[in-house]
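Inspection log for the structure reproduced underneath, given as structure tokens.
Protein chains get the first letters and strands the later ones, always in sequence-line order, with residue 1 at the start of each.
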Amino acid sequence: MRVLKLGLVQGVFGGILGWLFGFALVIGSRLLLGLPAQWNPNLTGLAAYEPAVVVAGIFFVVGFMIGVGAVSDWLKWARGIDTPFNHGARIPGTSELARYFNVDYSHKVIGIQYAITGVLLLGVGGTLAMIFRLQLAQPELNFVPPDVFNTMISAHGMIMIGGILLGVGGMSNYLVPLMIGANDMAFPRLNAFAYWINVPGALLLCVAMVIGGWNTGWTGYPPLSAQAPLGVQYFFLGVFFIGLSSILGSLNIIVTTMTMRSPGMSLFRMPVFVWSAFATAIIQLTATQFIGLSFLMVLVQRILGMGFFDPGGPVWSEVDKWAGGGNPILFQHMFWFYSHPAVYLFVLPGLGIISELLPVFARKPLFGYKWIAMSSMAIALVGFLVWAHHMFVSGMSNYLRVPFMMSTLLVAVPTGVKFFSWLGTLWGGRIEFKTPMLFALGAISVFLIGGLTGPPLGTVATDLNLTDTYYVVGHFHATMFGGFIFPFLAALYYWFPKATGRMYNERLGQLHFWLMTPAFWVMSLGQIFVGMHGMRRRIATYEVGLDIGTAQMMVTIAGFVIFISVLIMMFNLFVLARRGQRAGANPWRSRGLEWQVPSPMPEMTYPATPVVVGEPYDYGKPGSIYVQFAPAAPALHTGASITGGD
Amino acid sequence: MDQGTHRRSYRRHFIIVSILVAIVAVISIVGLWAVPEFPSASTQAITVNWLFDLHLAVIGFLFALVMVFMLYILFVFRRRAGEEGDGDHFEGNTKLEIIWTVIPLIVVLSFGVIGAVTLRDVTAAQENEMTVNVTAFSFGWQFDYPEQGVEKATTLKLPVGRPVHFKLKSLDQDVIHSFYVAEFRVKQDLVPGVPTELRVTPNVEGAYRVRCNELCGTGHTNMLADVTVVSQADFDAWVAEQKAAVSPERLAAMGQELHASQGCIACHNVTGEPGGVGPTWKGLYGSERQFADGTSGVADEEYLRTSILASQERLVAGYAAVMPQNYADVLSDQQVAALIEYIKTLK
């Protein structure tokens with residue numbers, strides 16, 4: 001039974017044991033105190049034992065992490081046992097494939113674990129969207145009941161966000177060490193821990209759907225979330241642990257970027273993706289606490305009666321009789337203090353991928369490298385100062401609206417710098433339209449929709465009309481697809497030959513692009529249109545009288561085309577490419593470090609130290625070299641200073 | 001190609017693409033403006049629509065700028081069959097970067113100023129405002145017209161042209177809702193424990209709908225209320241009808257609430273105990289009253305109305321003239337009627 005030995009399986013087993021332990025702990029304590037086992041006798045099923053279920057959920061995660069082996073080395077250290085760090089399979093005799101189901105310290109394995117888990121979550125979230133988009137295809141359809149509908153849209157939102165976070169983690173964990181010439185991350189064990197804690201987190205999110213669901217949307221605003229069905233508690237816990245992964249993972253990225261760059265790689269000689277991963281990590285490290293904390297506060301408000309967000313008033317439940325004195329709007333400030341910068345952390349790595357790919361396929365230097373790098377930092381910085389633009393109609397102090405409008409509009413400036421610099425990069429190139437490049441270009445066009453529909457939400461007067469309508473849904477999906485999904489797909493196609501040594505099928509790749517991009521345009525413009533014609537966000541159906549049935553039908557059809565096109569990609573990458581052409585070390589003729597070693601890469605990516613001696617994007621300049629490998633580089637010691645900047 | 005030829009062909013391309021951008025920009029701005037607009041029905045909507053149209057102009061231009069530029073470049077600088085070499089080598093242009101940082105900066109700052117001015121316009125208090133209290137609960141709406149004395153209406157009736165000041169609240173222990181009439185173009189959340197407000201001046205007669213715009217649970221989708229904007233005369237007729245429709249029992253109940261909420265209780269008890277600042281209400285209706293001026297009369301409805309609105313005209317013997325004389329302003333006709341009806345029940 002080799003399957004039973006896999007870390008994942010043992011993790012699930014440990015998780016179940018942990019769950020039972022946590023549940024018994026609370027019930028046992030209650031019985032010892034002479035309290036009835038049921039916390040709320042008015043409810044039935046698990047909901048009657050809510051505190052026990054919550055504690056059980058926490059122990060589920062603990063049990064999973066112990067079971068999967070993510071803390072084994074640290075526990076050994078605690079007992080004074082040395083654990084030599086070794087690359088390669090940590091459990092001798094296991095197959096290469098099994099490494100992906102076990103705790104593994106190689107950043108390349110972890111990066112792929114992140115990416116695949118991310119794709120899985122995006123698949124779950126996308127499938128949910130397909131179901132509720134069917135209901136919205138025509139007015140006054142009711143086959144999905146309202147409570148199920150609310151659970152589905154809430155789960156769609158947060159599972160997609162989880163998927164995006166994992167996708168971001170996949171790109172930065174896989175690419176940052178490769179791009180800076182390091183053989184691994186600064187803290188490989190922490191890296192593995194940060195990945196694995198996503199798995200129980202994501203499982204909790206999925207379980208939340210079947211233990212009562214929740215009806216709050218992904219934003220989870222109290223008082224609604226304080227009164228929502230039991231599922232909301234696992235939604236909170238799931239987000240909390242996925243957030244913990246963000247914090248630990250970003251710490252690793254920052255330290256790795258700062259300390260492990262190859263000799264000669266000054267900050268301004270880093271590939272520009274590393275800049276965006278760095279900016280992203282800063283946001284993740286400093287903002288994620290706020291969503292975790294805000295959700296945790298609602299969680300304890302529910303089971304411990306601490307009225308953080310409860311304005312008080314007549315008592316409605318036994319637990320709530322101590323509550324009151326809180327403010328529901330406080331939650332929104334805390335929530336958006338993370339969740340707005342979060343949007344930038346979703347898109348910055350994607351924008352970095354676009355900047356990374358354009359020079360390779362245009363065979364030209366990146367136009368305005370420093371401006372693009374600094375615009376990422378500027379977006380990350382300004383992104384911290386705009387959160388309340390989500391709250392223009394929330395009832396917060398009215399005078400806050402103008403400063404937050406100003407700071408919000410400012411985001412357009414560094415974003416504009418990126419767009420114009422991309423055009424400058426393409427100008428005068430020899431542009432080759434391979435699938436990754438097509439997706440990078442498609443990303444620009446889609447992100448443009450997202451960007452241009454932003455300012456009307458930024459100026460308060462128009463926001464009073466548009467906020468919480470389907471216009472926002474259109475704006476947000478264009479931003480996420482242009483800023484993350486399209487670049488992520490570009491990255492999958494681009495680094496696929498590097499990771500596997502095989503080429504995907506170019507024709508199917510092109511088909512994927514030509515199905516997905518026009519479909520996305522239709523979907524996005526349709527969402528924006530219906531939003532301006534009375535379609536609210538998060539409603540289970542709409543009135544015939546609004547006369548938006550045709551546009552809604554087109555949105556749904558376009559959504560399905562996107563879904564099918566992604567299935568084509570899955571077929572291409574996971575089935576066809578097994579027998580694909582051998583890729584060779586550098587199929588794209590890239591200057592990047594990782595393309596100078598064989599595909600697939602050896603366990604130790606860089607057995608010889610890479611030494612950076614030039615600019616990363618010097619395409620079209622004869623004789624310009626970016627990197628040399630130490631033993632075979634006699635010119636190294638006679639050339640320009642290798643430690644200085646540019 | 002040498003450097004000089006490059007420069008010349010770049011200039012040619014730049015001129016062509018600029019012309020194309022200009023043409024497409026005009027087409028897309030006109031096209032965006034031509035998209036059918038959702039009907040609007042308030043003076044605030046005029047400002048909101050104006051600002052949105054301004055946005056559309058900028059959107060149309062920037063769309064053309066980026067898309068036309070990009071597609072033109074992709075066509076002109078595409079790799080042709082058999083071509084091997086790299087593109088031209090240039091790494092950037094600081095002057096250009098500064099230009100496309102500073103110009104957008106000026107544009108967004110201008111939009112910030114315009115945004116602040118339009119915000120002031122759509123939220124400004126107006127003269128002659130009519131107050132409507134809106135109460136949201138899961139999952140419905142309630143509208144109170146304190147000036148007209150109409151309470152707990154389930155549909156929203158508004159006179160055309162009259163500025164309305166909505167005072168919004170969500171019931172205690174309820175959840176957040178949002179008040180949105182798409183034709184009015186403005187919305188505001190209703191938060192338990194946090195009173196909010198919204199100003200709308202309806203300017204087109206018609207039938208619209210309030211739709212809850214903040215996810216509030218199972219019934220969110222159907223949390224609707226009808227809105228009708230009518231002429232002042234029709235509105236007055238509706239008010240009269242609303243008041244006529246209230247049953248005496250309902251009125252009496254309202255009166256009981258007012259007795260407490262308006263502070264009547266401080267001086268007028270309903271238990272018949274002696275020694276109050278003002279006469280007790282128990283057994284008041286129909287009784288003989290001795291007035292301070294030496295006359296007497298029966299406490300009928302007419303007497304009660306006078307006593308509430310102008311008590312000193314018929315001051316009862318033995319009591320000081322301390323009752324406020326402003327109840328004609330504070331209480332609606334319906335509320336006065338409610339108090340009378342309540343007093344009638346206190347036998």
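- Among B:Glu197, B:Arg209, B:Met223, B:Glu183, the residue making the largest number of heavy-atom pairs under 4.5 Å with chain A is B:Arg209.
- For residues 39-46 of chain B, a heavy-atom distance under 4.5 Å to chain A picks out no residue at all.
- Without hydrogens or angle criteria, B:Thr123 side chain to B:Leu119 main chain gives a donor-acceptor distance under 3.5 Å.
- Contact tally against chain A (heavy-atom pairs below 4.5 Å) for B:Tyr72, B:Phe90, B:Tyr180, B:Phe69: the top residue is B:Phe90.
- Both the backbone and the side chain of A:Arg538 have a heavy atom closer than 4.5 Å to some heavy atom of chain B.
- Of the listed residues B:Asn49, B:Leu51, B:Val122, the one with more heavy-atom pairs under 4.5 angstrom with chain A than any other is B:Leu51.
- Between B:Trp141 and B:Phe179, the ring center distance clears the sub-6.0 Å criterion.
- A perpendicular orientation is assigned to the rings of A:Trp422 and A:Phe419, their planes being inclined by more than 60° (bins at 30° and 60°).
- Of all the listed residues (B:His220, B:Met67, B:Arg80, B:Arg185), the one sharing the greatest number of non-hydrogen pairs under 4.5 Å with chain A is B:Arg185.
- Taking the six-membered ring where the residue is Trp, B:Phe52 and A:Tyr471 present perpendicular rings, their angle passing 60° and hence far from 30°.
- For a residue to count as touching a neighbouring chain, one of its non-hydrogen atoms must lie under 4.5 Å from one of that chain's; by this rule A:Asn327 touches chain B with the side chain only.
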Residues 445-457 of chain A, side-chain donor-acceptor partners within the protein, below 3.5 Å, at least two apart:
unit_1	atom_1	unit_2	atom_2	d
A:Ser445	OG	A:Gly442	O	2.9
A:Ser445	OG	A:Trp521	NE1	3.2
A:Thr453	OG1	A:Ile449	O	2.8
A:Thr453	OG1	A:Gly450	O	3.1
A:Thr453	OG1	A:His475	ND1	3.0

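- Of the atoms belonging to A:Leu466, heavy atoms from both backbone and side chain fall under 4.5 Å from chain B.
- Between B:Glu83 and A:Arg363, no side-chain nitrogen of the basic residue sits less than 4.0 Å from a carboxylate oxygen of the acidic one, so the salt-bridge criterion is not met.
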